[in-house]
Amino acid sequence: MKSAAEAPGWDATLYLKYGDERTRPGRDLVAQVPLADPRLVYDLGCGPGNSTALLAERFPRAEIIGLDSSPDMLTQARRALPAARFEAADLATWRPQRRADLLFSNAVFQWVPNHRHVLAALMQALASGGCLAVQVPDNLAEPAQVLIRDIAEEGAWSKRLAGAEDARQTIAAPQAYYDLLRPFGARIDIWQTIYQHALADAPAIVEWMKATALRPYLALLDAAETQDFLAAYTERIAGAYPPCADGKVLLRFPRLFLVAIRA
Ligand SMILES: C[S@@+](CC[C@H](N)C(=O)[O-])C[C@H]1O[C@@H](n2cnc3c(N)ncnc32)[C@H](O)[C@@H]1O
């Protein structure tokens with residue numbers, strides 16, 4: 001069994017089960033990047049290449065490099081976009097060798113330790129007039145997240161799961177990011193969007209969370225415990241997300257967006 005500090009592997013296939021919904025914030029973020037013709041573009045935490053595809057579509061003349069720490073995600077990204085370049089990197093320490101025009105990241109920095117320090121360092125690594133564009137889920141107070149922590153604390157597994165929540169970084173208030181990036185930025189645009197993803201039913205929310213928030217917890221459980229954990233979670237999710245008239249459930253999902261232009 002892995003320790004909580006050792007991040008469990010990402011599963012590209014499971015992640016892409018809700019690929020359209022997960023890519024939507026990336027689409028909304030790229031739409032706000034105020035660059036006409038960037039030359040060097042990085043997709044930080046490119047995952048299976050879904051966010052990289054958005055960048056390739058918007059900036060067909062740019063050199064685009066996708067970075068990720070997950071071998072499974074990189075394999076899938078290379079398969080999906082053979083023309084793009086993908087490299088293994090840990091964003092906690094990675095810095096561009098050349099001045100980048102766009103550092104883009106959709107749904108990644110909530111997993112990167114000390115992410116605010118990293119964002120400030122990346123901002124400084126941009127070319128003048130370059131752009132740092134970041135989206136992070138700001139959903140730790142949502143029932144789908146709170147219930148994971150509740151169940152982790154209640155079972156016989158509580159001691160073992162005590163550190164699992166540390167894998168996910170707390171997202172600060174918008175002003176903290178504004179104050180962090182403003183000293184380097186000519187223009188800072190910050191906004192929040194709450195998505196309401198219509199999913200088939202309560203088990204669909206569990207499937208969604210299995211690809212992301214549940215990973216650090218399930219990695220510490222054996223097969224029987226995993227089954228028990230998921231059964232308890234599915235029951236409580238059904239109570240917290242009542243069905244709509246057509247039987248679907250709405251997964252409320254707040255996200256924070258930052259677009260900063262280097263002075
Ligand atoms: C939720 S996925 C986002 C994928 C894609 N950007 C998208 O728009 O859907 C998060 C990705 O961040 C990667 N990741 C997490 N921590 C990382 C780190 N420290 N360094 C590099 N990649 C990391 C994971 O491997 C995963 O592929």
Side-chain angles (χ1 to χ4, degrees), residues 2 4-33 41-58 64-81 84-96 102-119 121-122 125 132-140 144-145 164 166-171 193 195 197 207-216 219 251 253-258:
K2 292 174 181 168
E6 213 183 311
W10 286 79
D11 179 334
T13 307
L14 191 57
Y15 184 74
L16 283 173
K17 211 161 169 184
Y18 299 102
D20 286 348
E21 290 86 351
R22 295 192 197 278
T23 306
R24 164 81 184 276
R27 201 179 290 288
D28 294 345
L29 179 62
V30 81
Q32 298 305 323
V33 172
V41 172
Y42 286 95
D43 184 13
L44 308 177
C46 59
N50 54 327
S51 43
T52 323
L54 298 175
L55 294 168
E57 187 184 312
R58 166 87 192 272
I64 299 177
I65 303 170
L67 303 177
D68 207 284
S69 55
S70 156
D72 193 54
M73 288 295 199
L74 287 168
T75 300
Q76 174 60 33
R78 290 184 181 117
R79 203 176 293 146
L81 283 179
R85 200 167 118 203
F86 294 97
E87 293 174 6
D90 180 358
L91 297 172
T93 51
W94 176 87
R95 302 292 178 267
L102 173 58
L103 295 173
F104 183 91
S105 182
N106 185 53
V108 177
F109 276 100
Q110 74 276 17
W111 297 111
V112 178
N114 207 2
H115 73 278
R116 283 195 269 170
H117 167 82
V118 176
L119 291 180
L122 291 175
L132 175 69
V134 172
Q135 181 277 125
V136 278
D138 191 7
N139 63 341
L140 286 179
Q145 294 277 348
D166 297 343
R168 233 334 258 275
Q169 294 275 294
T170 305
I171 300 306
T193 298
Y195 296 89
H197 298 298
E207 280 300 291
W208 176 298
M209 302 303 280
K210 269 163 73 178
T212 52
L214 280 167
R215 290 178 318 106
L251 175 61
F253 208 129
R255 296 179 183 265
L256 176 72
F257 294 76
L258 318 167

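Atoms within each ligand, like the ligands themselves, are counted from 1 in listed order. Only this structure's heavy atoms are used, side chains among them; waters, hydrogens and symmetry mates stay out.
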How are the rings of F257 and Y195 set to each other: parallel, tilted or perpendicular (split at 30° and 60°)? tilted

closest protein heavy atom to atom 15 (C) of ligand 1 is W111 CB, 3.8 Å

Looking only at heavy atoms, which two atoms of L54 and R27 are closest? And how far apart? CD1-N, 3.3 Å

I need the nearest protein heavy-atom contact for atom 19 (N) of ligand 1: residue, atom name and distance, please. D90 OD1, 2.8 Å

Protein contact to atom 9 (O) of ligand 1 [nearest heavy atom, distance to 0.1 Å]: Y15 OH, 2.5 Å

For atom 8 (O) of ligand 1, what's the nearest protein heavy-atom neighbour? Residue, atom name and distance, please. N106 ND2, 2.7 Å

Only heavy atoms of C46, strictly under 4.0 Å: list the atoms of ligand 1 that pass. 5 (C), 6 (N)

Atoms of ligand 1 under 4.0 Å from any heavy atom of G47, numbered from 1 in the order shown, are 4 (C), 27 (O)

If we set the cut-off at 4.0 Å for heavy atoms, which region of W94 has an atom near ligand 1: side chain, backbone, both, or neither? neither

Distance under 4.0 Å to a non-hydrogen atom of S70: what atoms of ligand 1 satisfy this? 25 (O)

4.5 Å side-chain heavy-atom contact, T52 and I64: yes

If we set the cut-off at 4.0 Å for heavy atoms, which region of N50 has an atom near ligand 1: side chain, backbone, both, or neither? side chain

So which protein heavy atom does atom 17 (C) of ligand 1 come closest to, and at what separation? S69 OG, 3.4 Å

Shortest reach to atom 4 (C) of ligand 1 by a heavy atom, considering only G45, A213, A107, A211: G45

Out of L91, D68, V108, T93, who is nearest to atom 24 (C) of ligand 1 when you count heavy atoms only? D68

Do E57 side-chain atoms and L55 backbone N/O form a donor-acceptor pair below 3.5 Å? no

Atoms in ligand 1 with a heavy atom of S51 nearer than 4.0 Å: 5 (C), 6 (N), 7 (C), 8 (O)

Give me the one residue out of T23, D20, D43 that meets side chain to side chain donor-acceptor pair (under 3.5 Å) with N50. T23

Assess the residue pair Y42 and W94 against the criterion (ring pair (Phe, Tyr, Trp, His ring centres under 6.0 Å)); give the C-alpha distance rounded to whole Å, side-chain angles, the decisive distance to 0.1 Å, and a yes or no. CA-CA 12 Å; Y42 286 95; W94 176 87; 4.8 Å; yes

Criterion salt bridge (Lys or Arg N to Asp or Glu O under 4.0 Å) on K210 and E207, from CA distance to verdict: CA-CA 5 Å; K210 269 163 73 178; E207 280 300 291; 2.8 Å; yes

Does ligand 1 have a heavy atom under 4.0 Å from the side chain of A89, from its backbone, from both, or from neither? backbone

Verify, without hydrogens or angle tests, whether R22 (side chain) and W208 (backbone) share a donor-acceptor contact under 3.5 angstrom. yes

Using the six-membered ring wherever Trp is involved, compare the ring planes of F253 and H197 and label them parallel, tilted or perpendicular (cut-offs 30° and 60°). perpendicular

